[in-house]
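Input: a single structure, listed below in structure tokens.
In what follows, every chain begins at residue 1, and chains take the letters A, B, ... in the order their sequences are listed. Remember, predicted model here, so these are calculated numbers, not experimental data.
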2 protein chains.
Amino acid sequence: MNYDVDWAKEHLNEHSIKPSTIRIKILQYLMDNRIHPTVEEIYKKLVYEIPTLSKTSVYNTLELFLENGIVQLVNTNEKESRYDIDTSFHGHFKCEKCGKVYDFNITAEELGEDNLKDFCIKDRKIYYEGICKYCLENR
Amino acid sequence: MNYDVDWAKEHLNEHSIKPSTIRIKILQYLMDNRIHPTVEEIYKKLVYEIPTLSKTSVYNTLELFLENGIVQLVNTNEKESRYDIDTSFHGHFKCEKCGKVYDFNITAEELGEDNLKDFCIKDRKIYYEGICKYCLENR
DNA sequence: CTAAATGCAAACGGTTTGCAATGCT
DNA sequence: AGCATTGCAAACCGTTTGCATTTAG
């Protein structure tokens, strides 16, 4: 646990979210596990520490985090939603072998966006699929 | 109807798919309506022409088209899947007002993809959200 | 004490599945 | 006849909802 309770409280306050035990735990989990987890993964991990935890609360908390810009959705082609604590602009790569989702930087200064001249762009998602370096090595 | 039955049969054959009435109709629909439709939209439209049509068959057919590279999935953040008959590399923009999904060209010759040096990239999806030109004008 | 946060169970909705009915050669 | 295609109904599963219970200031 690298991000302590005080840090989490402060971070939540900065985003106008009232800190609660669950919110703090989920925030800490997201900071310490940069794996773009699903609700299921977060729940399974945290229910050991908080035995009364419900999935509904995990859903509620992530929805709250989304609305307040603490997390962003990763748009994989999976049916389960994945959440990313890093809200900066970057790409996601999902390995079809191991299922891991990697972050990567987009270095193109500017994506030429033909046909979108007069459009108001609010969000850009970059999502790749393939086989990661480590799965390629171990075959 | 700009794409006739003979064209559709030929196209299906080229992709190793045995033509059937439903497959031909769905292919024609996709060619004539470049709106990245959902299963629901395809079903609602075609059930008038094919009263016995079931959603299952629409699902089956699209799955078959996906496997054989006739369509690609559009990875919107919606829960319903959208299908694109244009399998070339291009971006998708979804307007949050009218819900339309627009195609756009990516003109950057090459996206700099840091961290993916030794990864095998099989698919790239570019997805934007915002407000389209026409919804911006009419307000 | 009061309002917010949490949890339970049921409902929801898109998709999938098993299998029977139908169609095609 | 024999195999592929289609359709129906139920199951599936991630998510949402309504509401009762608990928690915190």
Side-chain angles (χ1 to χ4, degrees), chain A residues 5-6 8-9 12-13 15-29 36-68 70-71 73-83 94 99 101, chain B residues 5 8-9 12-13 15-29 36-68 70-83 94 99 101:
Chain A
V5 173
D6 288 338
K9 281 186 183 173
L12 290 171
N13 278 324
H15 287 266
S16 326
I17 294 175
K18 200 189 295 182
S20 73
T21 307
I22 289 179
R23 290 170 185 171
I24 290 167
K25 287 281 187 193
I26 292 181
L27 175 57
Q28 287 178 314
Y29 175 83
H36 320 89
T38 62
V39 162
E40 184 73 17
E41 286 170 340
I42 298 170
Y43 173 77
K44 282 243 180 85
K45 192 67 184 300
L46 292 187
V47 76
Y48 289 111
E49 302 179 42
I50 317 168
T52 61
L53 183 66
S54 68
K55 271 190 201 173
T56 304
S57 294
V58 181
Y59 278 110
N60 288 341
T61 302
L62 289 170
E63 180 58 30
L64 192 66
F65 284 5
L66 267 181
E67 287 166 1
N68 289 279
I70 282 194
V71 296
L73 276 173
V74 183
N75 62 329
T76 72
N77 285 332
E78 299 165 346
K79 58 189 92 178
E80 290 173 86
S81 295
R82 294 188 169 277
Y83 299 84
K94 195 185 96 191
V101 176
Chain B
V5 173
K9 282 185 182 173
L12 290 170
N13 278 324
H15 287 264
S16 326
I17 294 175
K18 201 189 296 182
S20 73
T21 307
I22 289 179
R23 291 169 185 171
I24 290 167
K25 287 281 187 196
I26 292 180
L27 175 57
Q28 288 178 314
Y29 176 82
H36 320 89
T38 62
V39 163
E40 184 73 18
E41 286 170 337
I42 298 170
Y43 173 77
K44 283 241 180 88
K45 192 66 185 299
L46 292 186
V47 76
Y48 289 109
E49 302 179 42
I50 316 168
T52 62
L53 184 66
S54 68
K55 272 190 200 173
T56 304
S57 293
V58 181
Y59 278 109
N60 288 341
T61 302
L62 289 170
E63 181 58 30
L64 192 66
F65 285 5
L66 267 180
E67 287 166 1
N68 289 279
I70 281 195
V71 296
Q72 66 169 323
L73 276 172
V74 183
N75 61 330
T76 72
N77 285 331
E78 299 166 345
K79 55 189 94 178
E80 291 175 84
S81 294
R82 294 189 169 276
Y83 299 84
K94 195 185 96 190
V101 175

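- Nucleic acid contact for B:Lys18: sugar-phosphate only, since backbone atoms but no base atoms lie under 4.0 Å from a heavy atom of the residue.
- To the nearest angstrom, P of D:dT15 lies 4 Å from OH of A:Tyr59.
- Between B:Lys45 and B:Glu41 there is no salt bridge, since no side-chain nitrogen of the basic residue lies less than 4.0 Å from a carboxylate oxygen of the acidic one.
- Going from atom CD of B:Glu40 over to atom P of C:dT16 covers 15 Å, rounded to whole Å.
- One can place CG of B:Leu46 at 15 Å from C1' of D:dT6, the figure rounded to the nearest angstrom.
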> Would A:Ile17 and A:Arg23 count as a side chain to side chain contact (heavy atoms under 4.5 Å, CB included) if you check the C-alpha gap in whole Å, the side-chain angles of each, and the deciding distance to 0.1 Å?
Replying inline: CA-CA 9 Å; A:Ile17 294 175; A:Arg23 290 170 185 171; 3.9 Å; yes

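- Rounded to whole Å, the distance from CG on B:Leu12 to C1' on D:dA4 is 15 Å.
- We find that CD1 of A:Ile22 is positioned 4 Å from P of C:dT6, with the value rounded to whole Å.
- Using a 4.0 Å heavy-atom criterion, one finds that B:Thr38 contacts no nucleic acid atom at all.
- The side chain of A:Asn60 sits closest to C:dT6 out of C:dT6, D:dT15, C:dT15.
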Every protein N/O lying under 3.5 Å from an N/O of nucleotides 18-25 of chain C:
none

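- Contact annotation: A:Ser81 reaches the phosphate of D:dT15 (side-chain N/O to OP1 or OP2, under 4.0 Å).
- Taking atom NZ of B:Lys55 as the reference point, atom C1' of C:dG14 lies 8 Å away to the nearest angstrom.
- Contact annotation: A:Ser20 side-chain N/O to D:dT23 OP1/OP2 distance is not under 4.0 Å.
- For A:Lys9 and D:dA24, the NZ to C1' distance is 12 Å, given to the nearest whole Å.
- Remark on DNA chain D: of its neighbouring residues B:Lys79 and B:Ser54, the 5'-side contact belongs to B:Ser54, judged by nearest-heavy-atom nucleotide.
- Considering A:Lys55, A:Lys79, A:Arg82 in turn, A:Lys55 is the only one that fulfils the salt bridge (charged side-chain N to carboxylate O under 4.0 Å, His left out) rule with A:Glu40.
- Looking at residues two or more places apart in sequence or on another chain, you find no side chain to side chain donor-acceptor pair (under 3.5 Å) involving A:Lys9.
- If B:Val39 and A:Ser57 are placed on DNA chain C by their nearest nucleotide, the residue sitting closer to the 5' end is A:Ser57.
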